[in-house]
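Everything below concerns the one structure shown next.
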There are 2 protein chains.
Amino acid sequence: MNPIEHIAQQFAAQNYKLTSQREAIVQVLLDNEKDHLSVEEVYMIVKHSYPHLGLATVYRTLELLTELHIVEKMNFGDGVARYDLRGDEQAHMHHHLICNVCGKLEEIKDDWLVDLESRLEREYGFTVTDHRLDFKGSYNSCKSTGCKKDKECKAVS
Amino acid sequence: MNPIEHIAQQFAAQNYKLTSQREAIVQVLLDNEKDHLSVEEVYMIVKHSYPHLGLATVYRTLELLTELHIVEKMNFGDGVARYDLRGDEQAHMHHHLICNVCGKLEEIKDDWLVDLESRLEREYGFTVTDHRLDFKGSYNSCKSTGCKKDKECKAVS
DNA sequence: TGCTTATTTCGTAACGATTACTAATTATCA
DNA sequence: TGATAATTAGTAATCGTTACGAAATAAGCA
């Protein structure tokens, strides 16, 4: 089953319709899976395939996708909400490196925290459903080569 | 040296003055060290000791305290910035538990991530200067007793 | 002490992201 | 088809935050 079909099923399961507008927005997220797009960015991109789509619809759709746990809403302190598609299995394996020099945001998928989470269960009586782990710092290569000019670097702040 | 004096030194070291308004704001933070106050909350509290203090001054002062690394600015997804005094040594030992049931926010000080951070250094060539680790989930006691009525629980969202 | 200059504060206007609202459009289904 | 519900578009309103100009306060110096 391709990703769109899978998402369509998740919509149907909760009695929501995957309209053409919503599908266009989801497609933008799929096409930019590596990024953490803001509403405005999604809006600009989706306009290419769906010129008449309204900004409020992007807000509403991303909110709905968040409720359905198809995307994760995040905030990196730059004043705008950012959204990230997330596979069901990745909830506990999704971390970030944020470079102070170039602003690049790298996503890391690893199961670093499972031990900690079972420890929270034991020692704090706290059952973890989700977590967030961001590291701020700098790539050693950035510090030496002045990576600010690198076009690959996309600042988030 | 008491905390206010220590902070006064940090101000002086960067050629800023610890005015009476700034001192009143810092005192509010010291008095509520366990909480993560928003600007509006600081504003409401500081009015008791300094009725004429303006909202913009609270914004400016908290911004300045952030620059001086005396407080940490955080965002828990409830649409407002929150601020937390932080000791110099705590940068890498400062995590959160956020309860989905009652909204309580618990602060945990532990050195859980030092191993991970040295691993990032080795495997990613990334030097960590700061991190953020939030766990969302629920206290087992909350789930069973309906902790929403507990006055200790302070919602953040 | 007085004068000058820089810093800080105050109140409010402006800004930008987000939400709310109304009318229009589209889908559902009896 | 016709009635009802869901969705969208466009825009006004809201809310947290920032910017701005004028007034107040502090610092430097003759």
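Note on naming: letters A, B, ... go to the chains in the order of the sequence lines (proteins, then strands), and numbering restarts at 1 for each one. Worth knowing before you read on, the calculation uses all heavy atoms, side chains too, and leaves out hydrogens, waters and symmetry mates. Here the structure is a predicted model, which means the values were calculated and not measured.
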message: Output the rounded distance in Å from CG (Leu18(A)) to P (dT28(C)).
response: 12 Å
- prompt: dT18(C) P sits how many Å from Asn75(B) CG, rounded?
  reply: 11 Å
- line: Result for 5'-nearest mapping on DNA chain C, choosing between Gln21(B) and Val39(A), is Gln21(B)
- request: Could you verify whether a donor N or O on one side chain and an acceptor N or O on the other, from Gln10(A) and Tyr16(A), lie under 3.5 Å apart?
  value: no
task: Might you work through the side chain to side chain donor-acceptor pair (under 3.5 Å) test for Glu107(A) and His95(A), ending with a clear yes or no?
output: CA-CA 6 Å; Glu107(A) 203 168 300; His95(A) 323 300; over 6 Å; no
- prompt: Can you find a side chain N or O atom of Thr19(B) that sits less than 4.0 Å from OP1 or OP2 on dT9(C)?
  reply: yes
- request: Look only at the side chain of His69(A) and the backbone of Glu67(A), and say whether a donor-acceptor pair between them is shorter than 3.5 Å.
  value: yes
task: Give me the residues of residues 55-68 of chain B where at least one heavy atom lies under 4.0 Å from an atom of DNA chain C, by number, or none.
output: Ala56(B), Thr57(B), Arg60(B)
same_hphob_cluster(Leu18(B), Val58(B)) at 4.5 Å side-chain heavy-atom cutoff: yes
task: Specify the residue among Glu40(B) and Lys17(B) whose closest nucleotide of DNA chain D lies further upstream toward the 5′ end.
output: Glu40(B)
message: Could you check whether any side-chain N or O of Asn2(B) sits under 3.5 Å from a backbone N or O of Glu5(B), counting only pairs where one atom can act as donor and the other as acceptor?
response: yes
message: Taking Phe76(B)'s backbone N and O only, do any of them form a donor-acceptor pair with Arg82(B)'s side chain (distance below 3.5 Å, no angle check)?
response: no
message: Check this for me, if you would: do Lys34(A) and Asp84(A) make a salt bridge, where the nitrogen-to-carboxylate-oxygen distance has to be below 4.0 angstrom?
response: no
field: Main-chain N/O of Lys73(B) paired with Thr66(B) side-chain donor or acceptor, under 3.5 Å
entry: no
message: Output the rounded distance in Å from CG (Asn15(A)) to C1' (dC29(C)).
response: 14 Å
- prompt: What is the distance, rounded to the nearest whole Å, between atom OH of Tyr16(A) and atom C1' of dA27(C)?
  reply: 16 Å
- prompt: Can you tell me how far P of dT18(C) sits from OH of Tyr83(A), to the nearest Å?
  reply: 6 Å
task: Tell me, with the steps shown, if His36(B) and His96(B) meet ring pair (Phe, Tyr, Trp, His ring centres under 6.0 Å).
output: CA-CA 11 Å; His36(B) 298 69; His96(B) 297 106; 4.8 Å; yes
- prompt: Taking CG from Leu53(A) and C1' from dT25(C), how many angstroms apart are they, rounded to a whole number?
  reply: 14 Å
task: Name the first nucleotide and the last nucleotide along DNA chain D (5' to 3') that come under 4.0 Å of a heavy atom in chain B.
output: dG16(D) to dA27(D)
task: Starting from P on dT7(C), measure out to CZ on Phe11(B) and report it in whole angstrom.
output: 15 Å
message: In this structure, how many angstroms lie between the P atom of dT9(C) and the NZ atom of Lys47(B), rounded?
response: 14 Å
